[in-house]
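Down below is the structure, laid out as structure tokens.
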Amino acid sequence: MSLKGKKILVLADNYFEESELIYSVYRLREEEAEVVVASPAKGPLTGKNHMHPFPVDESVDNINSESFDGVVIPGGFAPDLLRRSKRVLDLVREFNEQKKPIAAVCHGGWVLISAGIVNGRKATS
């Protein structure tokens, strides 16, 4: 499956798991997807192992789910911060309602649970 022409949102925050964010972003770009990294945090992010800086393209406040074909939520400690953001939870619910792909890596599933979209479903992350 080609991702050329697809636009993918990656939700991230400080204390992300470096390998889960970096590999997701670069693999999607290798497959020619347009990737936008968005965060509720201001400025570049710091990984859980102190990798810094990782650039953020946009604030989650400026993101419209209609503009994207799917969303990826990497793990680490970042999902614990992401799930405290009303806008992040609203975005995840919107992707779910629009039946767009939602990928949660490792602890990224916390965001899906907090968004209330996992009840009654089988999931892996």
Side-chain angles (χ1 to χ4, degrees):
M1 175 196 310
S2 172
L3 295 178
K4 188 173 187 170
K6 301 294 184 188
K7 190 172 180 181
I8 308 298
L9 176 64
V10 176
L11 295 172
D13 209 325
N14 286 305
Y15 311 116
F16 60 87
E17 173 62 49
E18 283 88 342
S19 62
E20 295 171 10
L21 176 60
I22 294 166
Y23 280 105
S24 294
V25 168
Y26 286 109
R27 282 294 299 130
L28 288 164
R29 287 180 179 156
E30 285 176 350
E31 294 300 322
E32 301 185 70
E34 179 184 346
V35 179
V36 174
V37 177
S39 178
K42 304 291 184 233
L45 303 176
T46 300
K48 75 174 197 172
N49 294 310
H50 309 292
M51 182 212 149
H52 183 81
F54 192 89
V56 171
D57 300 312
E58 197 65 65
S59 167
V60 293
D61 294 329
N62 300 330
I63 296 296
N64 177 351
S65 62
E66 296 283 336
S67 301
F68 292 88
D69 298 296
V71 62
V72 176
I73 307 165
F77 301 121
D80 193 37
L81 299 174
L82 289 170
R83 67 185 180 159
R84 298 175 197 189
S85 165
K86 180 184 180 320
R87 183 63 192 136
V88 166
L89 298 180
D90 287 344
L91 280 168
V92 170
R93 287 185 199 107
E94 291 168 17
F95 275 91
N96 185 60
E97 290 165 5
Q98 296 164 19
K99 300 191 182 328
K100 293 180 179 179
I102 301 169
V105 183
C106 198
H107 288 86
W110 287 349
V111 178
L112 308 183
I113 293 165
S114 293
I117 66 167
V118 180
N119 289 343
R121 299 168 100 171
K122 291 183 181 180
T124 184
S125 110

- Looking only at non-hydrogen atoms, find the nearest pair between A12 and L45 and report the distance. CB-CD1, 3.6 Å
- Test K48 against E18 for salt bridge (Lys or Arg N to Asp or Glu O under 4.0 Å), laying out the working first. CA-CA 7 Å; K48 75 174 197 172; E18 283 88 342; over 6 Å; no
[atom1]/[X] to [atom2]/[Y] distance, rounded to the nearest 0.5 angstrom?
| X | Y | atom1 | atom2 | result |
| --- | --- | --- | --- | --- |
| D90 | S85 | CG | OG | 8.0 Å |
| N49 | F16 | CG | CZ | 9.5 Å |
| L9 | S67 | CG | OG | 10.0 Å |
| K86 | D61 | NZ | CG | 11.0 Å |
| N62 | D57 | CG | CG | 12.0 Å |
| E94 | I117 | CD | CD1 | 11.5 Å |

- For the pair E97 and R93, find out whether any cationic side-chain nitrogen is under 4.0 Å from an anionic carboxylate oxygen. no
- Message: Other members of the hydrophobic cluster containing F77, with the 4.5 Å side-chain heavy-atom rule, please.
- Response: Y15, L81
- List in chain and number order the residues that pass side-chain hydrogen bond (donor to acceptor under 3.5 Å, both in side chains) with N96, two or more places apart in sequence or in another chain; answer none if no residue qualifies. R121
- Side chain to side chain, D13 and P40, heavy atoms closer than 4.5 Å: yes
- Above 12 or not: heavy atoms from other molecules or residues under 6.0 Å from NZ of K6? no
- Message: Tell me whether the count of non-hydrogen atoms from other residues, nucleotides or ligands lying under 6.0 Å of NE2 in H52 goes above 12.
- Response: yes
- Task: Report the C-alpha separation of I73 and W110 in whole Å, then their side-chain angles, then the decisive distance to 0.1 Å, and conclude whether the side-chain contact (heavy atoms from CB on, under 4.5 Å) test is met.
- Result: CA-CA 10 Å; I73 307 165; W110 287 349; over 6 Å; no
Contacts table for residues 100-108: side-chain donor-acceptor under 3.5 angstrom, sequence neighbours left out:
from : atom 1 : to  : atom 2 : distance (Å)
K100 : NZ     : S65 : O      : 2.9
K100 : NZ     : F68 : O      : 2.6
K100 : NZ     : Q98 : OE1    : 2.9

- Query: Side-chain heavy atoms under 4.5 angstrom apart, residues restricted to Ile, Leu, Val, Met, Phe, Trp, Tyr: same cluster for V118 and V88?
  - Reply: yes
